[in-house]
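Written below as structure tokens is the structure these notes are about.
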Amino acid sequence: MSSPVLTGAVPYRFLDETSVGNGYVRLRALAVLPVMLVVLFAVVLGFENAGYGSFEDRDTRAMVWDYRSTAGQSTSFHGYFRNAYWPSYLALTVNEEVFDEVVVVSEDRVTVLAAFPPSGTCQRSVTVPCLSSKPAHRDETTVGALNLGTDVGIWAVGNGRGFRRDAGGVNVGLLNDGVLSVPNAYVNATALSAVMSTRLAELQEMRTKTAGTLLNATSTTLGCASDGTGATCVWTQQQWDAWADLAFTTLNTTQCATPVDMCSQTAAALQQAAALSTNVGKVAVRVVTGTWAATNVHLADIVAAGGGLPLVTTVVNAAGAGVLSVPTAAYGVFNPMTDTSFGSGTGYVPPLSIQAIVDTAVSSVAAGVPLTGYVRPPDDRTKLHGLRKGVLVHGVRCDLQKQHETSVSWRTRQGYDGTLYDMGIWPWQGSCADTKHNVTVLTDAGVDLVSFPAFASRSAVAQIELAVLGVTKFVPAYESFCDFDSADAGAGGDDVQCAVSILVGIEIRVAATPAAGDVLGGWRLVDAVGVYDTSVAVTTSTTSTLTTSFLGSETNALTAFPAGTNRELFVNLRDAGAPEQFRASPLGTPGKMYLCIGLFVAALVTAPIHPYLMFWHVKFNVALNQGKPPPMWQAMRKFRGW
């Protein structure tokens, strides 16, 4: 083989490049390799220790899995939390709530369903003396339904009958003497014509009743060219006064129609029946209002079989199949508009008759899949409202909605994908079996409080009253620190610096506990803790949001949080006995720690390779190829004398 000296060939040199850039291109993999090893090391370590993997609920007392989240005897108690959530009475106006509040609740309790159209179509027309006191003269929005209102009086309710209520809300019921005891709503003609601006429709009907005998005789003042009866005439107040003087005596013996709201009376009676100590906590009375009730996918068959809206019936979710049905042991279907037997053909709904429907449901009808040993709230009032509406904050009743923390992320892990382990191509097992369970959390994200207390820096901290399960607690409205020590003695508000955080939410925990006289005990309040704003503090004397922190002088802090403002809080209620979220390392930690150490050492070993090759080989050869001395040539013996 000929020598390169004889043939003129260039001898081989390792990484013989003509430019430094070419060397970087050739060695780019060695530059990226240590970076990739460091990134992989960080990912594995972060997955293990920083909580980027699945949530864990692992008790150190049982290192393989958490007893609370796997033992059926223990997790069944969390099921009582759902049962305690249901109010005994609830009125629904939202289509989307029907599944949760009618279908699901029917798995745990027997449900009495009242499906009503809008109130305008719940009016039954009855005939009463025109001048008598009528149910229509009452304002149900302020005094309640006719049969269970808070006002005192006697009203004509049709079919020659009167209804009476005494002081203290004591219902006497239908009077034996018919309408003889019903007083006139209008003591004289002046009082009659005075209601023209508020009860014009009632006066129009009375005018029609008297048109034939009065209007013809007084056509010069009360006539109407367009309508001989005067029913469509537009009269002035003076004309109504003249008409009332002429018609008042005749109207004393004239009958008129009056509308009475039957649905509101039925709903009021259902609420009262659900609150009885014999029924509360054992029944779920649900009043669903809206035309959509007839077409709701869960209610359509029940409504159709009951003859349409409105109706009251008992339903169950048999075997938890998600389908409502009417049990044979139920009282039967009651229609407030067409069934006149309860009130003897009047516009009155006797509460005892509606109570019979609820009583029969509780005593004779079994729920779909009831939980045995149901842990009930401690008192009848809490049983009525359930955990859903069992919390009052600053006098405002919360509406706590069910939310579920998904079971997929609540499990103890041994490794990665169990499927790969089963196939024999992965060394670690998958998730432990039977460690996944739903956890129910109750949340009201927007509780509006009025007259929120002011911030006080030099007196007792204002408190927000909280009532849960019959227990009253107080939560501080503010967390604050004012640096009085750094200010001079007697310093004013402008010289004292304060940091103030306002209350933005309340975290409540309740738990089941043994109590004598009740199956498996009852529920108790464990603790209630305020949550305070931790956002970046504003430094101006006025705040633009309802939830904010403040940092500034004492004077400006007092200005920022005055009295009488409206605030919005969130309220969360949890079962203290349910599994809790806990960030912990998955099982198999030692192996992954060894992997992290190996990746880090590999990064340290490979990191100097790239700069070494670039300096001692690439740059050396580039210099020789360009006729220049190589790097550090002055330290080389063979270049001495240059």
Side-chain angles (χ1 to χ4, degrees), residues 89-93 112-128 132-151 153-165 169 171-175 179 182 201-202 205 255-274 285-294 299 302-314 330-358 361:
Y89 174 86
L90 186 65
L92 305 176
T93 58
V112 175
L113 170 67
F116 296 153
S119 58
T121 55
C122 283
Q123 306 292 321
R124 178 191 292 175
S125 181
V126 294
T127 301
V128 299
S132 63
S133 293
K134 310 171 188 178
H137 295 160
R138 304 171 61 257
D139 183 1
E140 281 200 359
T141 60
T142 59
V143 297
L146 172 67
N147 58 349
L148 291 170
T150 58
D151 51 345
I154 304 176
W155 300 273
V157 291
N159 198 19
R161 307 296 296 274
F163 166 70
R164 175 181 172 184
R165 179 167 45 251
N171 290 333
V172 177
L174 295 177
L175 301 176
V179 296
V182 178
E202 183 180 346
E205 181 187 6
Q255 299 290 312
C256 291
T258 188
V260 185
D261 194 319
M262 305 300 291
C263 296
S264 65
Q265 293 186 69
T266 304
L270 285 169
Q271 183 173 9
Q272 177 177 268
V285 175
R286 295 295 181 262
V287 177
V288 181
T289 302
T291 54
W292 50 267
L299 307 180
I302 299 293
V303 173
L309 303 177
L311 64 87
V312 179
T313 187
T314 303
Y331 190 94
V333 175
F334 165 65
N335 189 312
M337 297 299 295
T338 59
D339 190 333
T340 59
S341 58
F342 277 6
S344 302
T346 68
Y348 165 71
V349 179
L352 288 178
S353 301
I354 300 300
Q355 180 184 326
I357 299 176
V358 180

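By convention here, the first residue in the shown sequence is residue 1.
Note: Phe342 and Tyr331 have perpendicular aromatic rings, judged against thresholds of 30 and 60 degrees for the angle between ring planes.
Counting only distance, with no hydrogens or angles, the side chain of Asn171 and the backbone of Asn147 share a donor-acceptor pair below 3.5 Å. A donor-acceptor contact shorter than 3.5 Å links the side chain of Gln265 to the backbone of Gly347. Judged by distance alone, with hydrogens and angles left aside, the side-chain atoms of Arg165 form a donor-acceptor pair with the main-chain N or O of Leu146 at under 3.5 Å. When atom types are taken as modelled, the side chain of Gln271 and the backbone of Tyr89 share no donor-acceptor pair closer than 3.5 angstrom. A donor-acceptor distance shorter than 3.5 angstrom exists from the side chain of Asn335 to the backbone of Pro310, with no hydrogens or angles considered. Looking at Arg124, its side chain does come within 3.5 Å of a backbone N or O of Pro336 through a donor-acceptor pair.
Looking at Val157 and Val260, their side chains never come closer than 4.5 Å, going by heavy atoms from C-beta outward.
Here the closest non-hydrogen pair linking Leu311 and Gly306 is CD2-CA, 4.0 Å. Closest non-hydrogen pair, Leu148 versus Ala268, comes out as CD1-O, 3.3 Å. Taking every heavy atom of both residues into account, Ala136 and Thr258 meet most closely at CB-OG1, 3.7 Å.
Looking at Asp339, Val358, Val333, Ile357 one by one, the single match for side-chain contact (heavy atoms from CB on, under 4.5 Å) with Val312 turns out to be Ile357.
The CZ atom of Phe163 lies 10.0 Å from the OG1 atom of Thr346; values are rounded to the nearest 0.5 Å.
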